[in-house]
Amino acid sequence: MNYWLMKTEPSVYGIDDLARSRKKTDHWDGIRNYQVRNMLRDDMQKGDLALFYHSSCPEPGIVGIVEIVRQAYPDHTAFDPKSKYFDDKSDPNNPRWLMVDVRLKKRFKRIISLKAMRSNPALTGMRILAKGNRLSITPVSAQQWQSIVDMLA
DNA sequence: GCCAACGTTGGC
DNA sequence: GCCAACGTTGGC
């Protein structure tokens, strides 16, 4: 059982969208980075938990918790020429890109802002806080996870 | 809108 | 395989 942090732009797809979807479950498409794909494929398991992070918005930060409810499977948007995630080099017989399904578990009453995270010494070393980090999904240690949960209190 | 940082591409 | 050029990300 692993912990993760998953980034998304709320103007594209935010926690409100997930909350509105059927059974509060949706697929996480559009991953087009090999490092992230490999983590998804090799390390992410059904039952894992992830922090839901809003980026590129007025107040970046963690807004909730999701559970991985389906392991990695082909990202169909790569095969759709009308999708902005279309990739003509992804062969349906040997898909290049993968996605998982997530279910909303908890929606925080207030955001744990990026600012608050930076000012918490227990979170030093979190990948999301590292300079130049560009991965949309990053691993979170059990200790970091607990520190985040503690910040809710 | 700026810009630092990093990934990807493609010529050689 | 190197590396310059380009594209993207994301906080500010």
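Basis for what follows: all heavy atoms, side chains included, without hydrogens, waters or symmetry-related copies. Here is the naming used below: chain letters follow the sequence lines, and residue numbers restart at 1 for every chain.
- Using modelled atom types and a 3.5 Å distance limit, the side chains of A/Tyr73 and A/Asp101 yield a donor-acceptor pair.
- Atom CZ of A/Arg127 has 12 or fewer neighbouring heavy atoms from other residues, nucleotides or ligands inside a 6.0 Å radius.
- One side chain, A/Thr77 or A/Arg32, offers a donor N or O that lies under 3.5 Å from an acceptor on the other.
- Checking each of A/Ile62, A/Asn133, A/Val36 against A/Lys7 for a side chain to side chain contact (heavy atoms under 4.5 Å, CB included) leaves exactly one that passes, namely A/Asn133.
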Which letters describe nucleotides 4-12 of chain C, given B = protein heavy atom under 4.0 Å from base, S = only from sugar-phosphate, - = neither? ---BBSBSS
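- A donor-acceptor contact shorter than 3.5 Å links the side chain of A/Asp48 to the backbone of A/Gln45.
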